[in-house]
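Counting begins at 1 with the first residue of the sequence. No experiment lies behind these values; they were computed from the predicted model shown.
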Amino acid sequence: MQKIADKIIITVLGKDTVGIIARVCTYLSENRINVLDISQTIVQGYFHMMMIVDMGASEVSFSTCSEALDQIGQEIGVSIKCQKEEIFEKMHRI
């Protein structure tokens with residue numbers, strides 16, 4: 001059973017281009033970060049993806065992952081943000 005602390009919400013937003021999902025998922029796979037759920041859409045040329053991932057088996061820290069994905073986003077021209085699920089849940093509680 002995974003701990004909620006291991007779950008991360010990743011959002012990707014930007015102009016649609018070839019390879020966005022591949023770049024993000026390659027990084028995740030190389031660092032043993034498992035994709036639990038993924039949703040993506042393209043609206044008038046703008047790409048949006050939200051992922052829930054499990055970092056329980058990874059040896060990288062949350063901050064390392066967040067910084068690496070931010071760098072990947074800069075390289076491919078999109079914004080990539082990471083947030084711990086527990087914080088996301090608390091922020092969006094009614």
Side-chain angles (χ1 to χ4, degrees):
M1 176 133 193
Q2 69 207 54
K3 302 176 295 206
I4 193 165
D6 294 335
K7 286 186 181 179
I8 305 298
I9 309 292
I10 299 172
T11 56
V12 182
L13 180 62
K15 206 71 159 127
D16 187 34
T17 186
V18 174
I20 297 171
I21 297 171
R23 284 291 300 273
V24 173
C25 288
T26 296
Y27 173 82
L28 298 176
S29 175
E30 288 172 349
N31 289 283
R32 300 180 61 201
I33 300 170
N34 187 38
V35 176
L36 301 174
D37 201 355
I38 183 172
S39 172
Q40 64 96 29
T41 188
I42 300 166
V43 178
Q44 294 186 6
Y46 289 95
F47 178 87
H48 176 260
M49 177 170 65
M50 182 173 160
M51 306 172 86
I52 301 174
V53 301
D54 176 14
M55 293 190 67
S58 181
E59 294 183 15
V60 299
S61 68
F62 169 77
S63 60
T64 298
C65 174
S66 182
E67 290 169 10
L69 287 172
D70 182 59
Q71 180 62 40
I72 289 169
Q74 289 177 34
E75 291 170 8
I76 61 177
V78 297
S79 170
I80 303 178
K81 301 298 178 200
C82 298
Q83 192 169 23
K84 292 183 179 184
E85 184 186 45
E86 60 195 63
I87 294 170
F88 185 86
E89 289 288 331
K90 288 177 183 173
M91 285 178 47
H92 293 91
R93 212 179 270 164
I94 294 179

Quiz prompt | Worked verdict on V12 versus L69 for side chain to side chain contact (heavy atoms under 4.5 Å, CB included) | solution = CA-CA 10 Å; V12 182; L69 287 172; over 6 Å; no
Exercise. Quick one: pull up OG1 in T41 and CE in M50 and give me the separation to the nearest 0.5 Å.
Key: 13.5 Å
Quiz prompt | Where D54 and G56 come nearest, the two heavy atoms and their spacing | solution = OD1-N, 2.9 Å
Quiz item: Sequence neighbours excluded, which residues qualify as side chain to side chain donor-acceptor pair (under 3.5 Å) partners of S63?
Solution: S61
Quiz prompt | Atom pair CD1/CD1 of I52 and I9 - distance to nearest 0.5 Å | solution = 4.5 Å
Quiz item: Could you walk me through whether I42 and H48 pass the side chain to side chain contact (heavy atoms under 4.5 Å, CB included) check?
Solution: CA-CA 6 Å; I42 300 166; H48 176 260; over 6 Å; no
Quiz item: Rounded to the nearest 0.5 Å, how far does CE of M55 lie from NZ of K84?
Solution: 9.0 Å
Quiz item: Taking the side chain as C-beta and beyond, is there a heavy-atom pair between T11 and M49 under 4.5 Å?
Solution: no
Exercise. Dump the intermediate steps for side chain to side chain contact (heavy atoms under 4.5 Å, CB included) on I8 and Q83, then the final yes or no.
Key: CA-CA 6 Å; I8 305 298; Q83 192 169 23; 5.9 Å; no
Got a list of side-chain donor-acceptor pairs under 3.5 Å for residues 13-32, not counting sequence neighbours?
unit_1, atom_1, unit_2, atom_2, d
R23, NH2, E75, OE1, 2.6
T26, OG1, A22, O, 2.7
N31, ND2, Y27, O, 2.9

Quiz item: With hydrophobic residues grouped by side-chain heavy-atom distances under 4.5 Å, do Y46 and I10 end up in a single group?
Solution: no
Quiz item: When rounded to the nearest 0.5 angstrom, what is the spacing between CD in Q71 and CD1 in I76?
Solution: 11.0 Å
Quiz item: Once you round to the nearest 0.5 Å, how far does CD1 of I80 lie from CE of M51?
Solution: 9.5 Å
Quiz item: To the nearest 0.5 Å, how far apart are CD in E59 and SG in C65?
Solution: 14.0 Å
